[in-house]
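Have a look at the structure below before the remarks.
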There are 2 protein chains.
Amino acid sequence: MASLKIPANVPLPEVDSEQLHKAFIGWGTNEGMIISILAHRNATQRSFIRAVYAANYNKDLLKELDNELSGDFERAVMLWTLEPADRDAYLAKESTKMFTKNNCVLVEIACTRPPLEFFKAKQAYQARYKTSLEEDVAYHTSGNIRKLLVPLVSTFRYDGNAGEVNVKLARSEAKTLHKKITDKAYTDEDLIRILTTRSRAQIVVTLNHFKDYFGSSINKFLKEDGSEDEYLQLLKTVIKCLAFPEKYFEKVLRQAINKLGTDEWALTRVVTTRAEVDMERIKEEYLRRNNVPLDRAIAKDTSGDYQDMLLALLGHGHA
Amino acid sequence: MASLKIPANVPLPEVDSEQLHKAFIGWGTNEGMIISILAHRNATQRSFIRAVYAANYNKDLLKELDNELSGDFERAVMLWTLEPADRDAYLAKESTKMFTKNNCVLVEIACTRPPLEFFKAKQAYQARYKTSLEEDVAYHTSGNIRKLLVPLVSTFRYDGNAGEVNVKLARSEAKTLHKKITDKAYTDEDLIRILTTRSRAQIVVTLNHFKDYFGSSINKFLKEDGSEDEYLQLLKTVIKCLAFPEKYFEKVLRQAINKLGTDEWALTRVVTTRAEVDMERIKEEYLRRNNVPLDRAIAKDTSGDYQDMLLALLGHGHA
């Protein structure tokens with residue numbers, strides 16, 4: 001469930017555009033106004049606002065925001081305002097670049113978005129960057145990381161439901177996974193094949209069989225290895241993103257907040273990409289695991305407009 | 001250019017449906033009527049006819065055709081009548097099945113369709129079979145064949161034009177390909193990466209650089225190896241389908257027709273999948289290579305309604 005709160009009577013995009021335009025002109029910027037509008041509109045509404053803004057003021061709203069805002073607040077408002085597919089394309093590109101390289105983010109995008117949404121992000125990536133995500137990831141990686149990441153970003157998974165799972169196959173593939181993992185053959189072809197091509201519903205059932213047969217979850221087996229190499233970390237991330245996305249996002253938030261010096265990069269990414277999707281579930285998970293509500297934890301670690309923006313996306317304030 | 005001929009005044013789908021319905025009832029089937037209608041309607045028109053037929057007679061036109069027709073003629077009419085994406089899904093499934101297994105057909109579909117069309121075929125595959133093409137191909141292959149085929153059917157290539165090619169990259173990747181091939185490292189990761197992830201336009205420029213630098217085409221280098229193993233055959237097919245699709249289809253037709261006993265399976269597939277796309281170019285290529293027009297060669301090797309259907313799709317008869 002989304003945490004985003006939208007007013008019962010949403011103003012026309014013409015009105016929103018005018019208010020935003022006013023927020024930019026004159027002495028200083030009216031950040032409160034920007035938050036009160038954009039942080040309470042869904043993706044369709046934001047895209048209407050952008051279209052109307054461009055038509056009425058002959059300027060790209062995103063460029064205006066870029067000019068007027070700065071720092072973490074800017075990144076939060078910009079990421080939020082982008083259309084979801086375009087935002088994922090932007091985040092994916094960032095993750096393949098030298099200074100912002102982050103294979104975990106690629107895994108996150110490839111494994112937590114529904115297949116068709118991920119496909120739309122790949123289309124947006126091509127429209128923006130004139131290359132495919134597949135070729136960029138394949139070109140910028142090598143060895144085992146490439147072996148795992150390239151199929152992960154390439155496959156168009158079947159978006160099946162629990163009723164369409166092949167139970168016999170799940171049983172046999174649970175055994176395959178167990179054998180490979182006890183042999184420490186983490187880069188085995190079949191292990192990668194199963195995790196990168198099967199539908200999410202199929203994988204969830206396979207992992208349940210795994211736990212039933214072998215006593216603990218697959219990620220517990222992987223943790224026992226104790227190794228800290230990047231490949232193994234990514235493998236665990238793949239499994240977590242596919243099977244327990246809320247737990248995965250809870251952990252990213254926990255680590256971002258509890259760090260010495262908050263990791264605003266990750267915090268902004270998770271809040272802006274999940275506010276309209278499953279943030280309520282992530283909040284529950286966060287409270288359960290940390291005995292502190294997520295919004296209180298975020299409020300303690302952030303300040304100013306940035307804090308206001310994140311809390312608004314988490315459901316605070318008047319919609 | 002398409003070879004399909006459509007009448008200047010296309011009858012309403014209601015009229016076509018009624019004529020088809022008449023062709024099925026009474027004594028025997030009127031095959032000539034079926035050809036005169038279906039073989040002269042484009043994909044959109046055929047799909048309207050199917051919709052109107054279902055509405056007016058409460059029957060699926062494809063099932064009716066299945067009941068009324070048989071043999072090669074049936075396969076030709078059925079494949080032609082299917083929507084292109086659905087037809088590709090059907091052909092791809094056939095290619096992964098035990099008795100009709102044909103990895104070349106998978107390569108053909110993955111490499112000659114524009115990226116978005118291939119994606120739609122993958123969507124149609126999922127709608128029909130409740131699994132992804134990726135997982136089926138990955139599950140039914142192994143070793144080197146899997147290493148090549150899985151990325152090939154997975155990647156959503158960038159559909160760039162010649163103006164968007166990175167020439168510097170093409171030069172460097174031409175050298176990479178040459179090095180791998182002279183080392184006989186045909187299953188090398190980077191060789192596979194280049195051929196399975198780069199855009200078709202990019203690959204064409206890369207292969208031109210290859211020829212300019214090293215004196216002959218990449219496929220000539222591969223042919224000199226003399227080996228007949230399936231992997232190498234597939235690799236050559238990938239390159240041909242990406243860079244010279246008309247030459248590829250010409251060869252499939254030549255081999256289908258010149259066989260002792262025509263290969264109707266391949267003949268029907270190529271004619272029904274290309275009639276609406278580039279059959280005129282394939283015909284030119286065929287004439288150039290064989291000194292015989294394609295339609296004459298087909299007429300010599302086939303007969304009856306099957307022959308009439310193929311020739312109609314090649315542009316014969318009154319539209």
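Below, chains carry the letters A, B, ... as their sequence lines are ordered, and counting in each starts from 1.
- For the residue pair N42(A)/E276(A), the side-chain donor-acceptor check at 3.5 Å is not satisfied.
- Heavy atoms closer than 4.5 Å to chain B are found in both the backbone and the side chain of Q123(A).
- A centroid separation of less than 6.0 Å is found between the aromatic rings of F221(A) and F210(A).
- In this structure, the ring of F156(A) has its center no less than 6.0 angstrom from the ring center of F156(B).
- Interface residue R193(A): only side-chain heavy atoms are found under 4.5 Å from chain B.
- You'll find the ring centres of Y186(A) and Y231(A) outside the 6.0 Å limit.
- Of the listed residues T155(A), V153(A), L169(A), the one with more heavy-atom pairs under 4.5 angstrom with chain B than any other is T155(A).
- L116(A) touches chain B through its side chain: at least one heavy atom from C-beta onward sits under 4.5 Å away, while N, CA, C and O do not.
- For D190(A), the parts lying under 4.5 angstrom from a heavy atom of chain B are both the backbone and the side chain.
- Heavy-atom pairs under 4.5 Å with chain A peak, among R198(B), Q202(B), K147(B), at R198(B).
- Heavy-atom pairs under 4.5 Å with chain A peak, among E134(B), R157(B), K122(B), at E134(B).
- Contacts between Y139(A) and chain B at a heavy-atom distance below 4.5 Å involve backbone atoms as well as side-chain atoms.
- A side-chain N or O of E108(B) and one of Y248(B) form a donor-acceptor pair less than 3.5 Å apart.
- Defined by atom type and a distance below 3.5 Å, a donor-acceptor pair is present between the side-chain atoms of D136(B) and T131(B).
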